[in-house]
Amino acid sequence: MAARIIDGKKIAGLTRADIAARAARLEAETGVKPGLAVIIVGDDPASQVYVRNKKRACEEAGMYSVVIEMPADTTQAELMEQIEQLKKDEKIHGILVQLPLPKHLDEDAVIAAIPPEKDVDAFHPANTGKIMIGDYDFLPCTPAGVMKLLEYEGIEIAGKECVVVGRSNIVGKPQAMLLLHANGTVTVCHSKTKDLAEVTRRADILVVAIGRANFITGDMIKPGAVVIDVGMNRLEDKKLCGDVDFASCSQVAGAITPVPGGVGPMTITMLLENTLTAAKKAASKKL
């Protein structure tokens, strides 16, 4: 029996409508319009698409949005100066620097330069520390989107075997923490994991974020499992696919996210949520 498809596009649409309503209410009550600034360095095509999508989503949610495009040969000092200007801009509540940056720039220094209260990507060490202890203001957008999908679908996490494939700072590690905070029993797999399939077959909830097209196949998952595919890969024929082989896994899983249309729309949705949270905090300081 084919798995239930988790419709991220639909869930994102409903969530964004709610965010837009709350943003309008905040502006009406306090005069504060949530504002997001996105800095993009260079001309990476994928990054440009992501940035355009973020700007459009902000505008549709009634938020103020600005995109700052900087050339590929931007120096570290120039980028830091741009961040410094945005730190002082009261109209801007969230600052996002689109990654990856050109290789000559220090990403860690850039992330550290964004003040934690405007760090809507939740990459700053202060925010990652708060996520670790479960007392956070912002969550990284993709893991937060995964949690929203599970919540919307009514999927219980407490007591479940949760396996995360991938240990990046952006998805894998924070995803494991969020599942742990929800009382899941969590295993994190990576390139050094022995007999990966044996581990993934134990999962009641399997989250895959490794950047390898169609890597997880149907024989690697437990019948009836919830499979969340965070991957976004472009094949030689230009088609998009995830890290999960949808054709085989959808015949075994109980529920599964498609690519595209699964986790992807939720990532920008949670960016809007974080921007609204930052604006609320800024508004409360003015009262």
Point-to-point distance, once rounded to the nearest 0.5 Å, from CG of Leu36 to CG of Asn274: 10.0 Å

Gln76 side chain reached by Val110 side chain, heavy atoms, under 4.5 Å: yes

Glu81 and Gln85: CA distance, side-chain angles, deciding distance, side chain to side chain contact (heavy atoms under 4.5 Å, CB included) verdict: CA-CA 6 Å; Glu81 175 55 32; Gln85 291 177 29; 3.4 Å; yes

Single-linkage hydrophobic cluster, 4.5 Å side-chain cutoff, Val199 and Val252 together: yes

Heavy-atom pair with the smallest gap, counting every atom of Ala253 and Ala3: O-CB, 3.1 Å

In a table with atom names and distances, give each donor-acceptor pair under 3.5 Å that connects a side chain of residues 182-194 to protein atoms at least two apart or in another chain.
| unit_1 | atom_1 | unit_2 | atom_2 | d |
| --- | --- | --- | --- | --- |
| His190 | ND1 | Lys192 | N | 3.2 |
| Thr193 | OG1 | His190 | N | 2.8 |
| Thr193 | OG1 | His190 | O | 3.2 |

Minimum heavy-atom distance between Thr30 and Ala283, given as atom pair plus value: OG1-CB, 4.0 Å

Shared hydrophobic cluster for Ile170 and Val146 (ILVMFWY, side-chain gaps under 4.5 Å): yes

Sub-4.5 Å side-chain heavy-atom contact between Leu206 and Val226: no

Closest heavy-atom pair and its distance - Ile19, Met63: CG2-CE, 3.7 Å

Closest non-hydrogen atom pair between Thr275 and Gly35, with its separation: CG2-O, 3.8 Å

Single-linkage hydrophobic cluster Ile92~Ile39, side-chain heavy atoms < 4.5 angstrom: yes

Salt bridge flag under 4.0 Å for residues Glu84 and Lys87: yes

More than 12 heavy atoms of other groups within 6.0 Å of Met80 CE: yes

Pairwise side-chain contact, Ile40 with Gln48, heavy-atom cut-off 4.5 Å (strictly under): yes

From Lys148 atom NZ to Thr15 atom OG1, the distance as rounded to the nearest 0.5 Å: 5.5 Å

Intermediate values then yes/no, side-chain hydrogen bond (donor to acceptor under 3.5 Å, both in side chains), Asn233 and Asp243: CA-CA 7 Å; Asn233 310 286; Asp243 294 346; 2.9 Å; yes

Side chain to side chain contact (heavy atoms under 4.5 Å, CB included) evaluation trace for Val259 with Phe246: CA-CA 8 Å; Val259 176; Phe246 186 85; over 6 Å; no

Polar side-chain atom of Thr257 near backbone of Asp229 as donor-acceptor pair, under 3.5 Å: yes

His93 side, atom NE2; Lys281 side, atom NZ - distance, nearest 0.5 Å: 13.0 Å

Criterion side chain to side chain contact (heavy atoms under 4.5 Å, CB included) on Tyr152 and Asp7, from CA distance to verdict: CA-CA 10 Å; Tyr152 184 89; Asp7 188 345; over 6 Å; no

Test applied, side-chain contact (heavy atoms from CB on, under 4.5 Å); reference residue, Met147; option that passes from Leu179, Leu139, Ile228: Leu179

CE on Met70 to CD on Gln98, rounded to 0.5 Å: 14.5 Å

Spatial distance of atom CG (Leu272) from atom OG1 (Thr267) [nearest 0.5 Å]: 11.0 Å

Distance (rounded to the nearest 0.5 Å) between Lys91 NZ and Tyr64 OH: 4.5 Å

Beyond-backbone contact of Phe123 with Asn169, side-chain heavy atoms, under 4.5 angstrom: no

Nearest heavy-atom neighbours spanning Leu178 and Ala144: CD1-N, 4.1 Å

Cationic N near anionic O, under 4.0 Å, Glu273 to Arg22: yes

Same cluster (ILVMFWY, side-chain, under 4.5 Å), Leu99 and Phe138: no

Close side-chain approach of Val66 to Asp89, heavy-atom, < 4.5 Å: no

Close side-chain approach of Cys141 to Ile268, heavy-atom, < 4.5 Å: no

Sequence neighbours excluded, every pair satisfying salt bridge (charged side-chain N to carboxylate O under 4.0 Å, His left out) that has a member inside residues 96-118: none

Expected list for residues 208-225: side-chain donor-acceptor pairs under 3.5 angstrom, two or more places apart:
| unit_1 | atom_1 | unit_2 | atom_2 | d |
| --- | --- | --- | --- | --- |
| Thr217 | OG1 | Asp219 | OD1 | 2.5 |
| Lys222 | NZ | Asp204 | OD1 | 2.7 |

Heavy atoms from other residues, nucleotides or ligands near CD of Glu78 exceed 12 (cutoff 6.0 Å): yes

Any side-chain heavy-atom pair of Pro140 and Ile131 under 4.5 Å: yes

ILVMFWY cluster, Leu180 and Val163 together (side-chain gap under 4.5 Å): no

Heavy-atom pair of closest approach, residues Ile114 and His124: O-CD2, 3.1 Å

